[in-house]
Amino acid sequence: MTTILQTDKLKNFIAGEWQEANPTVAVHNPATSEEIVHVPLSGKKEVDQAVAAAKQAQKEWALVPAPQRAEVLYEVGNIMKERKERLSQLLTMENGKVLEEARGEVQEGIDMAFYMAGEGRRLFGQTTPAELKDKFAMSQRCPVGVVGIITPWNFPIAIATWKSFPAIVAGNAVVWKPATETPIMAYELAKIFTEAGLPKGVLNVVFGSGASVGDAMVHHDDIRVISFTGSNDTGRDIAAACGRQLKKVSLEMGGKNAVIVMEDADLDLAAEGIIWSAFGTSGQRCTACSRVIVHEHVKEQLEERLLVKLEELTIGNGLDESIKIGPIINRAGLEKIKKYVQIGKEDGATLLAGGEEWKTNGELKGYFFTPTIFTDANATMRIAREEIFGPVVSLIPVKDFEEAIEVNNQVSYGLSSSIFTNDVNRVFRAQRDLDTGIVYVNAGTTGAEIHLPFGGTKGTGNGHRDSGVQALDVFTEWKAIYVDYSGKLQRAQIDIE
Ligand code: NAD
């Protein structure tokens with residue numbers, strides 16, 4: 001590992017310097033259990049240093065014209081492009097997702113770099129008529145200051161780019177705490193930013209646990225906004241802490257995403273979409289399909305097709321190009337999946353396929369779970385309501401379109417949904433009535449593109465969005481500016497003729 005990573009111990013990146021911190025903890029490849037690197041478990045002291053560096057650097061950075069700030073992002077995008085294969089291999093090693101998906105995730109970061117670099121010449125505000133004579137009015141986006149970014153392990157580079165790129169192009173400085181399970185992408189991205197010419201202190205990376213580093217960031221007076229992606233429980237705690245401090249907070253949390261299959265759907269296409277969105281990344285995507293709401297007339301035909309497609313899924317080490325399903329991130333993740341399979345059985349759902357840990361015959365020492373399909377589940381079962389975060393999908397039969405929409409909307413999350421149908425009227429009713437932040441028609445529940453807003457309703461978020469131009473709303477404040485060139489006192493709402 002040292003040969004490809006060139007270090008066996010990562011350091012924090014503070015004020016443009018690599019700083020050692022102790023203690024450290026080993027990071028393991030989830031496919032093999034091999035130790036790949038050590039990462040610091042930092043604390044409040046390192047957070048304070050990083051925030052002080054960010055605060056200092058941000059003053060200068062905010063004065064750099066936005067098109068020049070964007071030049072750094074164009075360069076980041078170029079370097080990421082050159083290093084796409086290296087980054088993808090490292091991503092597979094630390095996270096386990098198969099190489100093809102790792103390449104897709106790195107590509108998402110590259111796309112985000114060029115898209116957000118374009119914002120350097122936009123960052124649009126408004127000019128608007130003033131209500132009084134000889135008066136000018138406009139609104140403008142301003143940086144917030146120091147922003148705190150807290151990211152999960154399941155998309156260790158894409159989510160970081162969704163947050164740090166808009167923050168940086170808008171003139172903020174960043175303190176970023178990546179997930180301890182996947183620190184290598186943060187290390188690589190910090191190196192790329194340095195090579196791209198980002199001034200010292202504009203990006204700082206502090207490694208450590210949520211309870212120490214994350215908590216210190218959330219409670220730091222000089223961090224003006226927290227942008228968090230992770231679980232619902234953690235998000236609620238962070239929102240409560242930020243609320244007490246009147247700190248701006250953007251939350252992207254879990255999902256319980258469904259594919260709806262109507263009786264007129266192309267069932268081969270639907271099966272393909274379900275398999276990809278339920279079992280890709282071993283179901284460890286916030287947008288993973290974990291429910292299939294299927295019209296009762298086509299349930300059996302769909303089941304047959306799913307079982308055939310399941311045969312094509314090879315399980316193993318994602319670095320092997322022939323593998324389609326990689327490991328679960330760690331033992332705790334695997335145990336949670338096993339627990340839910342047991343709950344599904346006890347609640348009366350029928351296990352159609354999978355349902356057990358995948359035994360590796362001793363060749364691989366990682367954590368694997370067989371792609372699992374339950375059928376004849378109903379909307380009240382826990383496997384149909386709670387986030388499992390693994391390769392488990394439950395078929396819920398319904399009698400018509402109206403019931404399908406109702407079942408989709410019954411869960412406490414609202415990230416992504418999809419419908420397979422060839423009826424144009426249903427397509428438009430579904431996109432109107434599905435209560436999720438993302439809706440797909442004749443495609444699975446995954447596959448977001450970076451120039452559209454990403455996020456969800458209800459328990460998935462708190463009204464903000466990652467990526468898209470909407471991400472800028474998290475990292476900027478609006479300022480309204482009035483210029484009176486009449487040479488006399490003009491009172492709004494009063495001196496109107
Ligand atoms: P998690 O909530 O355990 O951790 C996420 C991050 O928060 C990590 O960096 C962690 O160290 C940090 N953290 C933990 N406790 C903290 C605290 N008290 N204060 C501050 N920071 C703290 O989530 P996870 O297990 O890493 O990720 C999986 C979850 O993320 C799933 O629920 C998944 O649906 C969700 N997710 C959502 C999206 C989305 O955009 N909606 C995308 C990816 C993942």
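Read the numbers this way: they start at 1 and go in the same order the structure lists the ligands and their atoms.
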Item checked: Heavy atom of the protein closest to atom 18 (N) of ligand 1 (residue, atom name, distance) -> Gly210 O, 4.1 Å

Notebook entry, point to check: When you check the gap from the basic side-chain N to the acidic O, do Glu195 and Lys191 get nearer than 4.0 Å?
Noted result: no

Next item on the list: Could you note down all residue pairs passing ring-ring contact (aromatic ring centres under 6.0 Å, His included) where residues 145-164 supplies at least one of them, sequence neighbours left out?
Entry: Trp153-Phe389, Trp162-Phe454

Notebook entry, point to check: Short list, please: which atoms of ligand 1 are under 4.0 Å from a heavy atom of Asp215?
Noted result: 19 (N), 20 (C)

Check: What are the atoms of ligand 1, with element, lying closer than 4.0 Å to any heavy atom of Ile159?
Finding: 42 (C), 43 (C)

Notebook entry, point to check: Thinking salt bridges, do Glu188 and Arg86 make one under a 4.0 Å N-O criterion?
Noted result: yes

Note to self: Can you tell me if Asp237 contacts ligand 1 (heavy atom of the residue under 4.0 Å from the ligand)?
What the structure shows: no

Item checked: Shortest reach to atom 8 (C) of ligand 1 by a heavy atom, considering only Asn154, Asp466, Ile226, Thr151 -> Thr151

Check: So does Glu101 pair up with Arg285, basic N to acidic O under 4.0 Å?
Finding: yes

Next item on the list: Starting from atom 40 (O) of ligand 1, find the nearest protein heavy-atom neighbour and note its residue, name and distance.
Entry: Phe454 CE2, 3.1 Å

Item checked: Heavy atom of Trp153, distance to ligand 1 below 4.0 Å -> yes

Note to self: Students should be able to answer this: which protein heavy-atom is nearest to atom 14 (C) of ligand 1, and at what distance?
What the structure shows: Thr234 CG2, 3.5 Å

Next item on the list: Quick one: which residue pairs count as a ring-ring contact (aromatic ring centres under 6.0 Å, His included) with a foot in residues 17-49, not counting sequence neighbours?
Entry: Phe13-Trp18, Trp18-Tyr187

Check: What protein heavy atom is closest to atom 34 (O) of ligand 1, reported as residue, atom name and distance in Å?
Finding: Glu387 OE2, 2.6 Å

Check: With Lys55, which of Asp222, Asp221, Asp48 fulfils salt bridge (charged side-chain N to carboxylate O under 4.0 Å, His left out)?
Finding: Asp222

Checklist line | Identified side chain to side chain contact (heavy atoms under 4.5 Å, CB included) counterpart of Pro371 within the set Ile275, Leu306, Leu313, Val392 | finding: Leu313

Next item on the list: Number the atoms of ligand 1 from 1 as they appear, then name those within less than 4.0 Å of a heavy atom of Thr229, with their elements.
Entry: 5 (C), 36 (N), 37 (C), 38 (C), 39 (C), 40 (O), 42 (C), 43 (C), 44 (C)

Checklist line | Pair Asp466 + Lys163, salt bridge at N-O below 4.0 Å | finding: yes

Next item on the list: Check the surroundings of atom CZ in Arg122: do more than 12 heavy atoms from other residues, nucleotides or ligands lie under 6.0 Å from it?
Entry: yes

Check: Among protein heavy atoms, which lies nearest atom 12 (C) of ligand 1, and at what distance?
Finding: Ile150 CG2, 3.6 Å

Next item on the list: Taking only heavy atoms of Gly214 into account, list the atoms of ligand 1 that are under 4.0 Å away from them.
Entry: 19 (N), 20 (C), 21 (N)

Item checked: Atoms of ligand 1 close to Cys286 [distance to a heavy atom under 4.0 angstrom, numbered from 1] -> 34 (O), 36 (N), 37 (C), 38 (C), 39 (C), 40 (O), 41 (N), 42 (C), 43 (C), 44 (C)

Checklist line | Shortest reach to atom 35 (C) of ligand 1 by a heavy atom, considering only Pro178, Ala211, Gly230 | finding: Gly230

Checklist line | Location of contacts on Ile238 toward ligand 1, heavy atoms closer than 4.0 Å | finding: side chain

Notebook entry, point to check: Is it true that Arg103 and Glu321 have a side-chain N and a carboxylate O under 4.0 angstrom from each other?
Noted result: yes

Next item on the list: For atom 41 (N) of ligand 1, grab the closest protein heavy atom and report residue, atom and distance to one decimal in Å.
Entry: Met253 O, 2.6 Å

Next item on the list: Note the single closest protein heavy atom to atom 11 (O) of ligand 1, along with its residue, its atom name and the distance in Å.
Entry: Lys177 NZ, 2.8 Å

Next item on the list: Kindly determine whether Phe193 and Phe165 satisfy ring-ring contact (aromatic ring centres under 6.0 Å, His included), including the steps that lead there.
Entry: CA-CA 11 Å; Phe193 262 117; Phe165 292 178; 5.7 Å; yes

Check: Would you say atom 4 (O) of ligand 1 has a protein heavy atom nearer than 4.0 Å?
Finding: no

Notebook entry, point to check: Please state which protein non-hydrogen atom is closest to atom 23 (O) of ligand 1 and give its distance, to 0.1 Å?
Noted result: Ser231 N, 3.3 Å

Item checked: Glu20/Lys9 salt bridge by N-O under 4.0 Å criterion -> yes

